[in-house]
Amino acid sequence: MKIRDHNELFKEQEYTEQFERKKEFENPWPPEKVKEIAEWTKTKEYRDKNFERKHIKINPAKACQPLGAIFCASGFEGTMPFVQGAQGCVAYFRSHLNRHFKEPLAAISTSMTEDAAMFGGLNNMLEGLENAYSLYRPKMISVCTTCMAEVIGDDLNAYIRQAKEKEFIPDDLPVPFAHTPSFVGSHITGYDNMLKGILSTITAGKKTAQQIKLNIIPGFDTYTGNIREIKRLLNLMGVKHTVLADVSETYDSPNSGEYKLYPGGTPLAEAADSINSIATIALQKYSTQKTLDYIRKEWGQKAISLWPIGIRNTDILLEEISSITGRRVPQEIEDERGRAVDAMVDSHPYIHRKRFALVGDPDLLLGLISFIMEMGGEPVHIVCTNGDKTFREEANNLLSESPFGVNGKVHIGKDMWHLRSLMFTDPVDLLIGNSYAKFLWKDTGTPLVRLGFPIFDRHHLHRSPIIGYQGALNMITRIVNTVLDEMDRKTMHTASFDVIR
Amino acid sequence: MSRPIEETQKIIDEVMDAYPEKTKKDRAKHVKPNDPTGTCSTCQVKSNIKSRPGVMTVRGCAFAGAKGVVWGPVKDQITVSHGPIGCGQYSWWSRRNYYNGQTGIDTFGTMHITTDFQEKDIVYGGDKGLEAALHELKELFPLARGIGILSECPVGLIGDDIEAVSRRVSAEFGIPIVPVRCEGFRGVSQSLGHHIANDTIRDHILGKGKLEKTTPYDVNIIGDYNIGGDAWASRKILEEMGLRVVAQWTGDSTVNEIAIAHQAKLNLIHCYRSMNYICRHMEEVYGIPWVEFNFFGPTKIYESIRKIASHFDDQIKENAEKLIEKYKPMMDAVIEEYRPRLEGKKVMLYVGGLRPRHTIGAYEDLGMEVVASGYEFGHNDDYKRTYPVMKEGAVIMDDATLYELEEFTRRLKPDMVGSGIKEKYSYHKMGVPFRQMHSWDYSGPYHGFDGFPVFARDMDMTVNSPTWGLIRRNRKERR
């Protein structure tokens, strides 16, 4: 039986006629007016007006702190992310992460309402902790906040202490906390704050002798494949390691016919012992700044951030690991490098001097700028809604190191509506961004390579790494084939419709 | 198949046992065995009450109800998520309220527009920034027919006066600017957001426009958000009946449609929960009667078509019968195709709005039985409408928690579950066939004659996908 759903149904004449009839009631603008304005939005004049705005964001590429905080918390063994504040926020965070990963996520809200706004959220916190502990038996409850709790000034530390004193939860249950107001920073800030909160709680009093092992902090990295990849590389090198906030199982767990509330995460004992590692390497900088500061100061550990996207960045990471641990990079990894480079050499004619627009989180963008220039592509418009001035300087320095970076311009605090203007007035060949960037693809016709977060409209991409040599190979495969697909689409009615490329 | 009420009560008691005393007492009032006759005095569920902290409610907030559900779909108004970045981000084009128009030019439905509050806005207030923002929007989007300001939590807590800003700027621009006080901490769920949104529609838009030509057949579709094109499929039926649809609330609607809706002769309400307020208002002030209808599945569609026609003259009644005659063979063919594969399958529903009861008929058309159903944010009047359409001993849940859903699934062993995105993947892990019944799992429409074949196909693919059979349970269980 042939079933027509929305994809076909509404193209049918009976519906297109219905849409025409409906206009009688809609009070639509005349088509010529709509066309005139549509054309105007593509002009330089409109771009300038668009760049003058200061008080409104239109299609921004950032989320809020507690999303990053619960993402971080979900990467620890048996840990229940717990959010003090209004309940809708948690429904939103869970939905957002579910849609990206196609995986379940448990997280708790204390369901604060008007009375809590008047009298504070203590009772919500006490009952919330008791219920969450009784029902979901976590080994750790990781507390963060919504704007509501922050605006009314809830004292998390005192509330948690009371919950233990009054025996709502056991005294020895670790309950780290972080203040994560949504009106400060973005999801990457929340990740950082929560990780610092968790590490400072669970490593307290655990300092013993230093051991030759590494801590790896992935940062707000939504590629579970990246975590598996870094572990694989470290295992090949024979380096003992602990991934801090290991979300790889949380968001990519096997289907065994059983729903597990806490499918994986960094074992708490191992996380507690991270204070005794020789060094900490974060694979993102802007989502780990406070945590690394804390590790340096409080643990006295070497703590650096490197973002292994692309060949040279991966070289640097592996050399650094080698020099810290004394372990050599084995031939197997060297061969992987050779394969990735071989692929880049083979594909270079389709990337060389291609112009790119990029939108995403600061760390991802730094990695991509570097990788694109390695392939001979040109990063042109670089939009980072949650980027700060330090990021801009760093990105500019990176661009200035290569002749392929001369046309690159970094836009911090800007959004995808700004990028739309840029893409109309100064077109590019390729766009890299999250699923919402598909509106730019639709408006400008620029092919989109989906990298970043959130990706809702394509499946399973988070499972393939984009870091390391394997990640470089995965990215070049996707980018070059997007170029070739587009080339086919554009030449399908011409003589240039080649079968060998 | 019905189950004795006492037996179901025993199952419920077992599930409740895991709660701490105070929470157990509260939750027990929200989960009951069904009594279709209404004689069992202990079978009425309590509803529309605050969720217990820490239990993992599925509910959202007033902002979700006002921005996500009611105002968001109005296509030619700019909907501003006023406050910090998150709320607008997470509700960005997630409800699939389809519309026609050129986005960013004359329509704005798939855009995320926010004042992105920073710390200084919390400290010094956000009104000045809002006013400047409205001017910037007017410059960039001259064809916007209105602007909605949808407040997020901090706006209400810091005491901003968005009403004053709206009044001032609305007078200056000559378009409606609607302040909506839908801060997420208000009320106990999405539901208050619907009510607040209805009230702002009433105060700022309704009755402000004029429909030049009216007919005796003018109706409004109320409470259809055009998810996957639902309202279009419903409109098709009404037009074929000879009725003239003036306004669609609010799927694919325009500000003008809402402004002229008071001139219709009859309000047809699909989602009673989210929009009954405005129907009552229009009845009171404009004398427009309203009728509830259900366009899920042929049985309910035929029933509803006749019910709607009964409000009109013989011509419409005749059209209605002809219409049923025309579509019945197609509906029968769908049933003939899919029913053999779905007959006897048990369904558990946990959704919102109208679906926990309205979709039951469509499942029954396919030979399926709904053994448990519940509302995220229902009120007493929703439950009253639900008891009679479910079998005795079915489980009725209000504001269920993740824990309860899992436990009832274990005990009732449904063949499929229909709920939301937060539930979807835990069911996938359990190996229980699952369909999202908020977003139609990116399918649709499910309303009307064009929707039912899609519904039937989707339920079939859910229950009968061979992928479920590939799941290898852990060894202990397999033995």
Side-chain angles (χ1 to χ4, degrees), chain A residues 1 3 5-6 9-10 15 18-19 25-27 29 34 37-38 49-50 53 55-60 62-64 86-88 91-92 94-96 98-99 102-104 106 108 110-114 117 124 127-132 134-135 147-148 151-152 182-184 255-257 259 439, chain B residues 20 23 50-57 59-61 63-64 84-86 89-90 100 102 105-106 111-114 116-119 122 129 132-133 136-137 139 143 153-154 157 184-185 228-229 246 254 256-257 337 403 421-422 425-426 429-431 443-445 450 453-454 457 471 473-474:
Chain A
M1 178 175 266
I3 306 286
D5 64 18
H6 62 92
L9 210 50
F10 302 122
Y15 279 103
Q18 181 197 108
F19 300 150
F25 310 100
E26 290 186 337
N27 188 26
W29 292 94
V34 176
I37 297 296
K49 214 183 254 295
N50 194 8
R53 86 181 132 90
H55 301 278
I56 195 90
K57 292 274 191 318
I58 305 168
N59 300 351
K62 65 170 177 178
C64 66
Q87 76 194 3
Y92 276 151
R94 291 177 70 202
S95 306
H96 209 65
N98 297 148
R99 288 181 178 126
K102 322 292 179 207
E103 294 283 326
I108 290 283
T110 57
S111 298
M112 281 162 65
T113 55
E114 278 126 326
N124 295 72
E127 193 185 333
L129 286 172
E130 184 188 29
N131 281 334
S134 313
L135 283 178
C147 332
M148 183 189 182
V151 173
I152 65 175
S182 304
F183 44 82
V184 175
N255 195 320
S256 60
Y259 167 53
F439 294 115
Chain B
T23 305
K50 265 194 286 189
S51 305
R52 302 317 316 170
V55 295
M56 214 175 322
T57 172
R59 280 175 170 176
C61 64
F63 178 87
I85 188 74
Q89 179 76 28
Y90 309 126
N100 291 307
Q102 204 171 334
I105 310 301
D106 65 346
M111 296 173 78
H112 162 31
I113 297 178
T114 175
D116 187 18
F117 263 29
Q118 299 300 303
E119 200 148 24
I122 304 293
E136 290 174 353
L137 288 172
E139 281 275 299
L143 302 188
C153 290
L157 296 169
F185 62 83
V246 173
T254 64
N256 191 64
E257 283 175 52
E337 166 91 12
Y403 161 76
I421 187 74
K422 298 191 288 300
Y425 299 106
S426 47
K429 297 290 184 205
M430 284 185 243
S443 176
D450 283 340
V454 183
R457 176 199 68 181
I471 298 171
R473 294 178 197 273
N474 65 49

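Below, chains carry the letters A, B, ... as their sequence lines are ordered, and counting in each starts from 1.
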Could you tell me the separation between the [atom1] atom of [X] and the [atom2] atom of [Y], rounded to the nearest 0.5 Å?
{"X": "Asp106(B)", "Y": "Ile37(A)", "atom1": "CG", "atom2": "CD1", "answer": "10.0 Å"}
{"X": "Arg52(B)", "Y": "Asn124(A)", "atom1": "CZ", "atom2": "CG", "answer": "9.0 Å"}
{"X": "Tyr259(A)", "Y": "Met430(B)", "atom1": "OH", "atom2": "CE", "answer": "7.5 Å"}
{"X": "Arg99(A)", "Y": "Tyr425(B)", "atom1": "CZ", "atom2": "OH", "answer": "9.0 Å"}
{"X": "Met148(A)", "Y": "Leu157(B)", "atom1": "CE", "atom2": "CG", "answer": "5.5 Å"}
{"X": "Glu139(B)", "Y": "Asn50(A)", "atom1": "CD", "atom2": "CG", "answer": "11.0 Å"}

Given heavy-atom pairs under 4.5 angstrom as the criterion, report whether the side chain, backbone, both or neither of [X] touches chain A.
{"X": "Cys61(B)", "result": "both"}
{"X": "Glu337(B)", "result": "side chain"}
{"X": "Asp450(B)", "result": "both"}
{"X": "Gln89(B)", "result": "both"}
{"X": "Ile113(B)", "result": "both"}
{"X": "Lys50(B)", "result": "side chain"}
{"X": "Glu119(B)", "result": "both"}
{"X": "Arg457(B)", "result": "side chain"}

When the ring planes of Tyr92(A) and Phe63(B) are compared, do they come out parallel, tilted or perpendicular, using 30° and 60° as the limits?
perpendicular

Got [X] and [Y] here, is their nearest side-chain heavy-atom distance under 4.5 Å?
{"X": "His6(A)", "Y": "Pro445(B)", "result": "yes"}
{"X": "Pro104(A)", "Y": "Lys429(B)", "result": "yes"}
{"X": "Pro60(A)", "Y": "Thr114(B)", "result": "yes"}
{"X": "Pro84(B)", "Y": "Cys64(A)", "result": "no"}
{"X": "Asn256(B)", "Y": "Glu26(A)", "result": "no"}
{"X": "Val55(B)", "Y": "Leu135(A)", "result": "yes"}
{"X": "Phe185(B)", "Y": "Met112(A)", "result": "no"}

Show the nearest heavy-atom pair for residues Gly257(A) and Arg473(B), with the distance to one decimal.
O-NH1, 2.8 Å

Do you know which two heavy atoms are closest between Gly228(B) and Phe10(A), and how far apart they sit?
O-CE1, 3.5 Å

Short question: side chain of Gln87(A), backbone of Arg59(B) - any donor-acceptor pair under 3.5 Å?
no

Counting heavy-atom pairs under 4.5 Å with chain A, which one of [options] comes out on top?
{"options": "Pro20(B), Gly184(B), Ser51(B)", "value": "Pro20(B)"}
{"options": "Asn100(B), Ile85(B), Thr23(B)", "value": "Ile85(B)"}
{"options": "Leu143(B), Val246(B), Thr57(B), Ile122(B)", "value": "Leu143(B)"}

Picking from [options], which has the most non-hydrogen pairs under 4.5 angstrom with chain B?
{"options": "Ala86(A), Ala117(A), Ala38(A)", "result": "Ala38(A)"}
{"options": "Asn59(A), Ile152(A), Val34(A), Leu9(A)", "result": "Asn59(A)"}
{"options": "Thr110(A), Ile108(A), Asn255(A)", "result": "Asn255(A)"}

